Visitor: 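Mind looking over this structure? Questions follow.
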Amino acid sequence: MFASILSKDSDFNLTNLSHFRDWPLRLRWGLVGAITLIYALIFIPLAKSLGQGALALTGLPLVTGGLFLGVRLGLLFAVALIAAITIAHLYFGFFKWNELLQYWPRLLMGLSTPIFIGAMSDLLKRMREQSQVLNEEITERKKIEEAVYEERQKFQTLSENAPFGMVLIGQDGTFKYVNPKFIELFGYNLKEVPDIKSWRHRAFPDASYRQRVISCWLEDQQKFKPGERKTRTFTAHCHDGTEKIVKVITVQIPGGDYLLTYEDLTEFKRAEESLLITKFSVDRAAEGIAWIGPTGQFLYVNDKICQYLGYSQDELLSRTLFDVDPDLPREQWERHWQDIKQNGGSTFRTCFNNKEGRSLPVEINVNYLEYQDKEFYIAFTRDISEHIQSQERLKRQYDRLAALRSIDTAITASLDLRVTFNVFLDQVVSQLGMDAADVLLLDPLTFKLRFMAGRGFKTSALQYTQLSLGEGYAGQAALNKSLIRIENLKATADSLKRSPLFREEGFVTYLGQPLIAKAQVVGVLEVFHRSPFNPDQEWLDFFEALTGQAAIAIENASLFSDLQKSNLDLLQAYDTTLEGWSRALDLRDEETEGHSQRVTEMTLQLAREYGNMAQNELRSIRWGALLHDIGKMGIPDSILSKPGPLTGKEWEIMQRHPVHAYNLLYPITFLRSALDIPYCHHEKWDGTGYPKGLKGEQIPLPARIFAVIDVWDALRSGRPYRPAWTEDKARAYILEQRGKHFDPKVVDVFMNLEMIIDS
């Protein structure tokens, strides 16, 4: 229909378009419908495609974007159509401007209505589809947002309560997040350290150390991969000036930021350092240290125990206590373990076998320990080989000193060389560990070495030995004044042909040492062993000391013999001299001739009977009795020899003779012990005597004994002025003076001496 209208044969032409309102209604709506149909077929799909493309480019929701673009594009094409009609009118003169302005709104509405309706229809369909998708997306987004929120809450709770500091650092170095532990750890707040740079200046004040930290940070940044961790350890300064050792773990998160965690290792490092020092000390302790489990296995051993057992640490840890102490029964170990567990500790000694199989004595101090339900004991072991050797050496030295002491005692206790050498040779054999020993003495007259004493011999081979100087081993030792040592006597048996029995002894080792006193050889000490013997220097030193003791014994015996002889000669000379003095006194007083000798013998008899008198006391009594009247040498002969009674003056002079005796004898040292009788024999029991008037036991016992004998002999001897008394009369007088003149006890003893009374 539209074509027929535009055909040439039709009355319709373009010039009539200016009168569009005069067109038939059917023709006008047909034209509009055709134009709308063409628009719908061409421009609506185009608008739809453009709307979807725009939606994909902008990312806007499909429903909103389609509606928006559909309306806009519809209006756009309507305007474009109106513009085309307007141009056509201007060119062809279809419409007038006033008519065009009247028809524009209508035309625009007419043209855009189908487009809008089509777009709305399509948009409504798409809205239903997109609404369902959008609802699903919103639901999923809510779930994601809730999960993200929950994770954020967890992260926040975790970071705020974390035991280590956490910092989130942006790419520009600022702190995006700092947890409370970081602030607590170092003491800096965000105002003081808002970024990593300012924190480094505070935490690492030393420029060189700070540069090292920065270099490590830059090095890690270059090597970082997303999600990768980098761990470093630094020493940082805190706000209060203290230093802390921190472990820093850096993680790069998506987006380029860095999450850093700071863990305080100060106490751990100190504990670790202390533990390392402790372990170092234990590993290198002077004593062996081992941890031993209930089954005897080694759990730990230090260097010292490995050293003296000869094993490495790994070798010992693969062994048990029974491997190094094979003599330890397992049953005994179980009992021992229970004892240690019950008592908490123990100290004992045992022997360990080292790697070479050699037995080592050890002292073990163990303590029971329990840790985390595990039982073991810690054993402090000490190689006591040297200690035992020292103890043995000390014991040996003590025994040897005791032996020397015994020999000294024997030397001082007895001057009989046979007795002394019996003790001496017993000590020689036992302390030197020899099988036999003997002493040969050198006769100073014949210069022959003669057998003195021996120990350990099976035969009498050496008892008749007589060797000249230089003859045999002993003669060579004496002649050369040096030690003779023969390691194998069997190889030199020819030198022993003079003692055939000696071969039966089976001796192998011989040592002969000369006995030297004051540079003079006095004998030879010989020792023998029936097996090879290799003495050390300590043994030889003790052997030499023993020979010195033997020489001392010989010298002492010789000196004592000489001294004894000299003393006897001297005492005999003293005694003879004193007897001469007493005879001289008797010769001066003819009336008392023989008196001193008689009273001396009787006094000694009474003193022995009285009892408890030592030999030197008896000797002093003898000398005192012989010299009892020595003081009369100071009395004039006219008084001493006067035939009649003495006057008072004369008697006074006579009573001074004890004082003269004291003054005469006291300067003579060896006679001081004999002064009691010459000085006090005229004292009386009742105190009426002279010269001091002593009474009772104030009078020395020798003087009390002598007083009885002196009066007895005087009464029994005749005088010019009276005859001798009879025994009965003299006895009666002695008894009558008991307790007056004489000591009662002495009188009682005297009366029982028949020999004296008979005399």
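Nothing here was measured: the structure is a model prediction, and the numbers come from that model.
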Visitor: Flag the pair I621 / L604 as yes when at least one side-chain heavy-atom distance between them is below 4.5 Å, and no otherwise.
Guide: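 Yes, close enough: below the 4.5 Å cut-off.
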Visitor: Taking T509 for the side chain and N534 for the main chain, is one N or O donor matched with an acceptor at less than 3.5 Å?
Guide: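 Judged by distance alone, no pair lies under 3.5 Å.
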Visitor: Which heavy atom of V749 sits nearest to which heavy atom of L606, and what is that distance?
Guide: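 Where V749 meets L606 most closely, the heavy atoms are CG1-CD1, 3.6 Å.
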Visitor: Aromatic contact between W712 and F750, with the criterion being ring centroids under 6.0 Å apart: yes or no?
Guide: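 Yes, close enough.
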Visitor: Is the F706-H628 ring centre distance short of 6.0 angstrom?
Guide: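 Distance test on ring centres: under 6.0 Å, yes.
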Visitor: In Å and rounded to the nearest 0.5 Å, what is the CG to CG distance from L675 to L665?
Guide: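 Result: 5.5 Å between the selected atoms.
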Visitor: Hey, is the main chain of I709 close enough, under 3.5 Å, to the side chain of D713 for a donor-acceptor pair?
Guide: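 Not at all, since once roles are kept as given, no pair shorter than 3.5 Å links the two residues.
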Visitor: Show the numbers, then the answer: is there a side chain to side chain contact (heavy atoms under 4.5 Å, CB included) between L701 and Y610?
Guide: CA-CA 10 Å; L701 179 59; Y610 190 87; 3.6 Å; yes
Visitor: May I ask you to decide whether D728 forms a salt bridge with R731, counting only side-chain N to carboxylate O separations under 4.0 Å?
Guide: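 Judged by the 4.0 Å cut-off on N to carboxylate O distance, D728 and R731 do not form a salt bridge.
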Visitor: Show the nearest heavy-atom pair for residues P361 and I388, with the distance to one decimal.
Guide: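 Closest approach of P361 to I388, heavy atoms only: CB-CD1, 3.4 Å.
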Visitor: Distance check, rounded to the nearest 0.5 Å: L511 atom CG versus T547 atom OG1?
Guide: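 OG1 of T547 is found 11.5 Å from CG of L511.
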Visitor: Check whether more than 12 heavy atoms from other residues, nucleotides or ligands sit under 6.0 Å from atom CZ of R656, and answer yes or no.
Guide: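 Count not over threshold, so no.
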Visitor: With respect to F528, which candidate in Y510, Y473, F533 satisfies the ring-ring contact (aromatic ring centres under 6.0 Å, His included) definition?
Guide: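 Option passing the ring-ring contact (aromatic ring centres under 6.0 Å, His included) with F528: Y510.
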Visitor: I want to check something: taking the side chain as every heavy atom from C-beta on, are N488 and P532 in contact at a cut-off of under 4.5 Å?
Guide: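 N488 does not reach P532 side chain to side chain.
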Visitor: So, does R530 use its side chain to make a donor-acceptor pair with the main chain of E505 at under 3.5 Å?
Guide: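 Checked: pair present.
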Visitor: Test your reading of the model: is there a side-chain donor-acceptor pair from E526 to the backbone of A437, 3.5 Å cut-off?
Guide: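 No, because the side chain of E526 does not come within donor-acceptor range (under 3.5 Å) of the backbone of A437.
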Visitor: Any side-chain heavy atom of E683 within less than 4.5 Å of one from P691?
Guide: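 Yes, at least one pair of side-chain atoms sits under 4.5 Å.
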Visitor: Provide the closest heavy-atom pair for A625 versus I677 in the form atom of the first, atom of the second, distance.
Guide: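 Heavy-atom minimum between the residues: N-CD1, 3.9 Å.
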Visitor: Can you find a heavy atom in the side chain of I653 that is under 4.5 Å from one in the side chain of P636?
Guide: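 I653 reaches P636 side chain to side chain.
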Visitor: Looking just at side-chain N and O atoms, do T688 and D686 make a donor-acceptor pair shorter than 3.5 Å?
Guide: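 On atom types as modelled, these side chains qualify, holding a pair under 3.5 Å.
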Visitor: Does R738 come within less than 4.0 Å of D743, counting only side-chain N to carboxylate O?
Guide: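 Between D743 and R738 there is no salt bridge, as every charged N stays at least 4.0 Å from the carboxylate O atoms.
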Visitor: Angle between ring planes, Y690 versus H682, binned at 30° and 60°: parallel, tilted or perpendicular?
Guide: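 Answer is parallel, since the angle falls under 30°.
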Visitor: Could you tell me if R704 sits above the aromatic ring of F742, with its cationic atom closer than 6.0 Å to the ring centre and no more than 45 degrees from the axis?
Guide: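 Pair R704/F742 does not count as cation-pi.
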Visitor: So, does K729 use its side chain to make a donor-acceptor pair with the main chain of R716 at under 3.5 Å?
Guide: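 No, because the side chain of K729 does not come within donor-acceptor range (under 3.5 Å) of the backbone of R716.
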Visitor: Can you check salt bridge (charged side-chain N to carboxylate O under 4.0 Å, His left out) on E601 and R622, steps first, answer last?
Guide: CA-CA 8 Å; E601 295 301 324; R622 172 179 168 78; 3.6 Å; yes
Visitor: Taking the side chain as C-beta and beyond, is there a heavy-atom pair between V599 and L626 under 4.5 Å?
Guide: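 They are not in side-chain contact.
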Visitor: Are there more than 12 heavy atoms of other residues, nucleotides or ligands under 6.0 Å from atom CD of E287?
Guide: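 Count over threshold, so yes.
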Visitor: Take D629 and H681 through the test side chain to side chain contact (heavy atoms under 4.5 Å, CB included) and record every step on the way to the result.
Guide: CA-CA 10 Å; D629 279 338; H681 69 284; 3.9 Å; yes
Visitor: Please step through side chain to side chain contact (heavy atoms under 4.5 Å, CB included) for the pair T347 and I364, ending with a clear verdict.
Guide: CA-CA 6 Å; T347 301; I364 304 178; over 6 Å; no
Visitor: So, R455 and D438, do they make that salt bridge, N to O below 4.0 Å?
Guide: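 Between D438 and R455 there is no salt bridge, as every charged N stays at least 4.0 Å from the carboxylate O atoms.
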Visitor: Could you tell me the separation between the CD atom of Q466 and the NZ atom of K448, rounded to the nearest 0.5 Å?
Guide: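 One gets 7.0 Å once the value is rounded to the nearest 0.5 Å.
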Visitor: Would you indicate whether E697, at its atom CD, is surrounded by more than 12 heavy atoms from other residues, nucleotides or ligands within a distance under 6.0 Å?
Guide: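 No.
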Visitor: Work out which heavy atom in G454 is nearest to a heavy atom in F457; give both atom names and the distance.
Guide: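 Here G454 and F457 meet closest at CA-CE1, 4.1 Å.
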Visitor: If only atom types and distance count, is the side chain of E650 paired as donor or acceptor with the main-chain N or O of T647 below 3.5 Å?
Guide: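 Side chain of E650 to backbone of T647, a donor-acceptor pair under 3.5 Å: yes, one is there.
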Visitor: List the steps and the verdict of side chain to side chain contact (heavy atoms under 4.5 Å, CB included) for V508 and I486.
Guide: CA-CA 8 Å; V508 175; I486 306 300; over 6 Å; no
Visitor: Would you call W685 and H741 a side-chain contact if the rule is heavy atoms closer than 4.5 Å?
Guide: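 Result no, sub-4.5 Å side-chain heavy-atom pair not found.
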Visitor: Could you check whether atom CG of D536 has more than 12 heavy atoms from other residues, nucleotides or ligands sitting under 6.0 Å from it?
Guide: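 Result for CG/D536: enclosed.
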Visitor: So, do V524 and V439 sit near enough that their side-chain heavy atoms are less than 4.5 Å apart?
Guide: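 Side chain of V524 against side chain of V439, heavy atoms only: no contact under 4.5 Å found.
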Visitor: Using 0.5 Å steps for rounding, measure from the CZ atom of R598 to the OG1 atom of T603.
Guide: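 Output value for this atom pair is 11.5 Å.
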Visitor: Using modelled atom types and a 3.5 Å cut-off, is there a donor and acceptor pairing between side-chain atoms of S717 and backbone atoms of A714?
Guide: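 No; zero donor-acceptor contacts below 3.5 Å.
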Visitor: Are R450 and D443 packed together at the side-chain level, in the sense that at least one heavy-atom pair is separated by less than 4.5 angstrom?
Guide: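 Yes. Closest side-chain heavy atoms under 4.5 Å.
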Visitor: So, Q513 side chain and L525 main chain: donor-acceptor pair closer than 3.5 Å or not?
Guide: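 Here the side-chain-to-backbone pair does not exist.
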Visitor: Can a donor-acceptor pair be found, under 3.5 Å and without considering hydrogens, that links the side chain of Q698 to the backbone of K695?
Guide: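 Judged by distance alone, yes, a pair lies under 3.5 Å.
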Visitor: Restricting to non-hydrogen atoms, name the atom on L715 and the atom on Y733 that form the minimum distance, rounded to 0.1 Å.
Guide: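 The pair with the smallest heavy-atom distance is CD1-CD2, 3.4 Å.
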Visitor: Checking side-chain polar atoms at under 3.5 Å, does S385 have a donor or acceptor matched by the opposite partner on D383?
Guide: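 Note: S385 and D383 side chains meet the donor-acceptor criterion.
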Visitor: Look up atom NE2 in H657 and atom CD in Q655, then write down how far apart they are to the nearest 0.5 Å.
Guide: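 Going from the NE2 atom of H657 to the CD atom of Q655 covers 9.5 Å.
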Visitor: Measure the spacing between CD of Q605 and OG1 of T600 and express it to the nearest 0.5 Å.
Guide: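 The OG1 atom of T600 is 11.5 Å from CD of Q605, to the nearest 0.5 Å.
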Visitor: Looking only at non-hydrogen atoms, find the nearest pair between A703 and I699 and report the distance.
Guide: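 Closest approach of A703 to I699, heavy atoms only: CB-CG2, 4.0 Å.
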Visitor: Would the distance check show the side chain of R672 and the main-chain N or O of Y666 forming a donor-acceptor pair, the cut-off being under 3.5 Å?
Guide: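 Yes, because the side chain of R672 sits within donor-acceptor range (under 3.5 Å) of the backbone of Y666.
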Visitor: Taking atom CD of E652 as the centre, report whether more than 12 heavy atoms of other residues, nucleotides or ligands fall under 6.0 Å from it.
Guide: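 Counting neighbours around CD of E652, 12 or fewer heavy atoms of other residues, nucleotides or ligands fall under 6.0 Å, so no.
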